[in-house]
Structures are given as structure tokens and as C-alpha cells.
Amino acid sequence: MREIIKAKCSDISSEGKGVVKLGKYVCFVDGLFPGEEADIEILYQRAGVYFGKVKKLYSLSKDRIQPKCKVCTSCGGCQYQQISYQTQLAFKTKRVKEALSRIGGIKTDVLPCIGMDEPYYYRNKIQMPYGKDKRGNVVYGFFKENSHEIIPVKECAIEDKRAASILWDIKELVKQMKLPIYNEDNGKGVLRYVLIRTSYHYPEVMVVLVVSELNFPGQRNFVNELIKLHPEITTIVENENRRHTNVILGPKEKVLFGPGFIKDDILGLSFEISASSFFQVNPVQVEKLYKTALNLIKTEQNLIILDAYSGVGTIGLIAARNAGKVISVEINKDASRNAIENAKRNNINNIEFYCDDAGHFINNMEGELDVVIMDPPRKGSDEKFLSTLLNKKPKQIIYVSCDPETLARDLKYLSKLYQVGYVQPVDMFPMTAHVETVCLLTKK
């Protein structure tokens with residue numbers, strides 16, 4: 001029998017878990033918020049830290065609310081559905097400020113996190129595994145945290161509403177047509193995941209069927225029936241994934257219906273989105289994020305801007321409208337190729353694209369840089385890039401981060417030469433603990 005203790009939550013962790021102090025030890029608890037007291041069941045210990053779950057609540061935070069989703073406490077996708085949105089924003093502002101101070105040694109003002117007017121149903125990319133429950137029934141949903149148990153979800157409160165009925169009808173078609181569901185244990189079966197991408201500015205919907213083999217039995221009938229049920233679907237793609245990993249998409253794909261992509265806009269520019277394209281999942285907040293970053297650039301003629309970690313070129317292409325030249329660097333070949341296509345689509349000619357490691361590229365490039373925009377992955381930048389950046393000495397560095405802790409680490413390194421003068425968190429993922437941050441660095 002697991003130990004149960006009664007304790008009070010004193011703080012919130014960077015992962016959105018309640019922090020409970022047990023003498024000299026700490027316990028992290030899902031769904032528990034500062035000021036709340038509860039009976040806590042200790043689940044396990046790892047690296048000297050305990051993890052637990054709430055068995056019974058005795059006192060509630062004044063900011064606690066009834067969540068929209070009934071399974072938010074078990075699916076692991078949302079950490080904050082039970083707390084008011086304004087409190088969520090306050091948590092995120094606090095997380096950025098504390099990370100900069102604790103990790104980076106940076107004492108600076110942090111502006112209040114920019115939130116959404118409607119913080120639900122915002123995600124334009126939905127991906128769910130299909131499987132079978134213990135009774136053999138077809139189910140779809142999210143994997144329970146730290147497991148491969150599927151928590152069935154009929155409608156997710158943070159994903160585009162158009163996806164819910166499509167996912168349900170795919171389940172019904174699977175049952176009617178006896179399409180074998182993939183079994184992770186023995187590698188048999190066909191359907192593994194369904195990925196849905198939606199456009200915000202256009203009435204376009206993509207469905208991606210992730211299967212263990214292309215051209216599955218009954219494929220044509222399956223697609224025809226799905227289109228009849230959902231004429232709003234504008235393209236269907238079949239993706240083959242034979243790998244026994246957590247990676248959802250495989251390397252091969254086939255267009256079964258429509259053009260194989262959808263399009264969407266960001267700040268007046270048009271982008272094509274394929275099954276595997278990286279594209280910001282919150283179409284409302286991405287415009288606020290990019291506006292915040294680009295408004296920091298000094299208005300000067302013929303500015304030379306480096307867009308490092310550029311992905312499919314979104315922020316660099318937008319920046320090019322007010323620059324002399326933009327240099328876009330991205331190591332992923334597919335993303336770099338998409339960026340070139342996006343430039344042609346929008347008739348932007350003052351941007352150059354390079355498929356290269358950002359650190360290697362900047363170390364070998366000639367000439368001066370006025371502005372560097374860097375938007376690295378969650379792990380942050382590396383010392384090779386940062387050290388070369390210090391040698392290049394651009395007038396401004398605009399750092400767009402998706403992780404406050406790696407941001408703080410990188411800013412500590414850059415603070416040898418640069419002053420952090422502006423820090424603005426932006427909430428790209430309401431109901432979760434994630435937060436994006438825009439920082440402006442200028443030479444001391």
C-alpha cells in the first residue's frame with residue numbers, strides 16, 4: 001500500500017506541478033496549486049524527488065475553476081485547466097522571471113504574459129493514437145503521462161473544434177470496415193495515428209492517416225466514405241511509419257485526396273503546410289509573438305538580418321518586408337526547402353536561404369550583421385553559436401524562446417557583451433505550463 005500524507009502546496013514547478021515540501025524532500029503533485037491542502041498519495045521517487053497524486057482536497061485555491069475537459073487530470077496534456085486563466089498567465093510570468101534570476105543571474109523587469117481572449121480550442125494541429133482498450137473496443141485519445149495507455153478523448157478543449165467529429169467518424173469507419181488497429185506489442189495491424197491540421201484563415205482541413213503500410217486494404221472506400229461524411233476535408237494524406245518508436249510520422253507518404261497540403265496566413269503572408277511541416281500551432285498568438293519580436297528591430301534602411309533556426313522561414317520572411325536583406329539559416333533540409341517555396345509564393349526576393357548548422361554558418365560568414373533573430377528548439381542554442389555571435393557583435397539580438405530555463409542559460413552566456421533590456425512572455429499554449437518569451441539584447 002502506498003504512503004498517503006496530508007500536506008500543503010507552497011509553489012508551482014516549471015512543469016506545472018504543485019510543489020509540496022516534506023521536510024528536506026520535495027514532492028511534485030499534478031493538479032495541486034499554491035495554498036491548497038490535500039491528502040497526497042506518494043507514487044514513486046526519482047533522483048531524490050518524490051512524485052504524488054491528490055487523493056482528497058481539503059482547501060481549494062480561490063482561483064480554482066471547473067475544467068472544461070473531464071480527463072484533463074489523467075491525460076497529461078493540460079496542467080492548468082483547473083485554474084483561472086489570469087492565474088495561469090501569472091504563473092508563466094513568474095516562471096520566466098525566476099528562471100532568469102536563478103539560472104541566468106539576470107535581474108530585469110519581466111512584462112506580464114500576453115494571453116488570449118479565448119484560450120480554448122486554439123490548436124491547429126491534432127494528433128491522436130488509435131488503439132484498443134482491454135475489452136477490445138477501438139479507442140483514440142492521448143497517452144497517459146509516462147505510459148502508452150490511451151485515455152479516450154471525444155473532444156479536446158484546446159484543439160480546433162472541427163477535429164472532434166472527424167476523429168469520431170474515423171473510429172466508426174474503422175469498426176465498420178474492420179480496418180486492423182496497430183498493436184505496439186506485436187507490430188501487427190494498420191492504423192496507428194490520425195493527424196489533423198486545420199487552417200485558421202481558410203476553410204481547409206487536412207487528415208493524415210498514419211499507417212504501418214501504404215495502400216492498406218479497402219483504402220479507396222475508406223477515403224470516399226470519410227469525404228462523404230466530412231466534405232470540409234480538403235486533403236487526405238497517407239503516411240507510412242514502420243518504426244517502433246514514439247515518432248509519429250514516417251518518411252514515406254502518399255496523397256489520397258486533394259493537393260496534399262493546406263494553406264494559412266501569418267501577418268499577411270501565405271504559407272503552404274504539408275503533413276510534416278513545422279508550423280506554429282496557435283494561429284492567433286503567433287501573430288502577437290512575431291509582432292512583439294519584429295517591433296523591437298530598429299527602423300533603419302538596408303538592415304542586414306540573420307534569421308537563425310529559421311524553420312520554414314516564417315519570421316524571416318515577415319522581417320524581410322522592412323529589411324535590406326535577410327539571411328535565413330536552417331539545418332533541416334525539408335524545412336529549408338519549404339522556406340524557399342514560401343519566399344517564392346509571397347514574391348519576397350531580399351532573402352537568402354542556407355541549409356546549414358547556425359553555429360557553423362555564422363562562424364564562416366563574411367560581413368557584418370545588424371540584427372540576429374534566433375528561435376532555437378526547446379534545448380536552446382549551443383556554445384558554438386553563442387560564442388561566434390559574441391565575435392560578430394550584431395547591434396541587436398532578438399531571442400525567441402520556448403523554454404525559460406534554456407533561455408536563462410543562454411542569456412547568461414550572452415550577457416558578457418549584451419544587456420537584456422526587454423523580456424516579454426507570450427502564452428502560445430493556454431492550459432499548459434509552456435510559455436514563449438521574446439527578449440531584446442543590445443550591446444553594453
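In what follows, every heavy atom counts, from backbone to side chain, and hydrogens, waters and symmetry copies are set aside. Nothing here was measured: the structure is a model prediction, and the numbers come from that model. Sequence positions, counted from 1, serve as the residue numbers for this chain.
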Which residue, E204, E272, E341, forms the salt bridge (Lys or Arg N to Asp or Glu O under 4.0 Å) with K263?
-> E204
Does a side-chain heavy-atom distance below 4.5 Å link L267 with R321?
-> yes
Answer whether the closest heavy-atom distance between the side chains of F143 and I151 falls below 4.5 Å.
-> no
Nearest non-hydrogen partners of L306 and F361, listed with the distance = CD1-CE2, 4.2 Å
Determine whether the side chains of [X] and [Y] contain a donor N or O and an acceptor N or O closer than 3.5 Å.
X: D264; Y: H201; value: yes
X: S101; Y: K107; value: yes
X: Y202; Y: T234; value: no

Just how far is it from atom [atom1] of [X] to atom [atom2] of [Y], taken to the nearest 0.5 Å?
X: K125; Y: D160; atom1: NZ; atom2: CG; answer: 14.5 Å
X: E15; Y: T432; atom1: CD; atom2: OG1; answer: 12.0 Å
X: E383; Y: D410; atom1: CD; atom2: CG; answer: 10.0 Å

Under the 3.5 angstrom rule, does the side chain of [X] hit a backbone N or O of [Y] as a donor-acceptor pair?
X: T235; Y: M206; answer: no
X: N124; Y: Q280; answer: yes
X: E238; Y: E253; answer: no
X: Q82; Y: P67; answer: no
X: N239; Y: L249; answer: no
X: E330; Y: G311; answer: yes

Crowding at NZ, K56 (>12 non-hydrogen neighbours, <6.0 Å) = no
Where does the angle between the aromatic ring planes of F51 and Y44 fall among parallel (under 30°), tilted (30 to 60°) and perpendicular (over 60°)?
-> parallel
Pairs meeting criterion ring-ring contact (aromatic ring centres under 6.0 Å, His included) with involvement of residues 3-26, two or more places apart | Y25-Y50
Restricting to pairs with a member in residues 86-128, which pass ring-ring contact (aromatic ring centres under 6.0 Å, His included), not counting sequence neighbours?
-> Y80-F91
With sequence neighbours left out, which residue pairs that include part of residues 414-426 fulfil the side-chain hydrogen bond (donor to acceptor under 3.5 Å, both in side chains) condition?
-> none
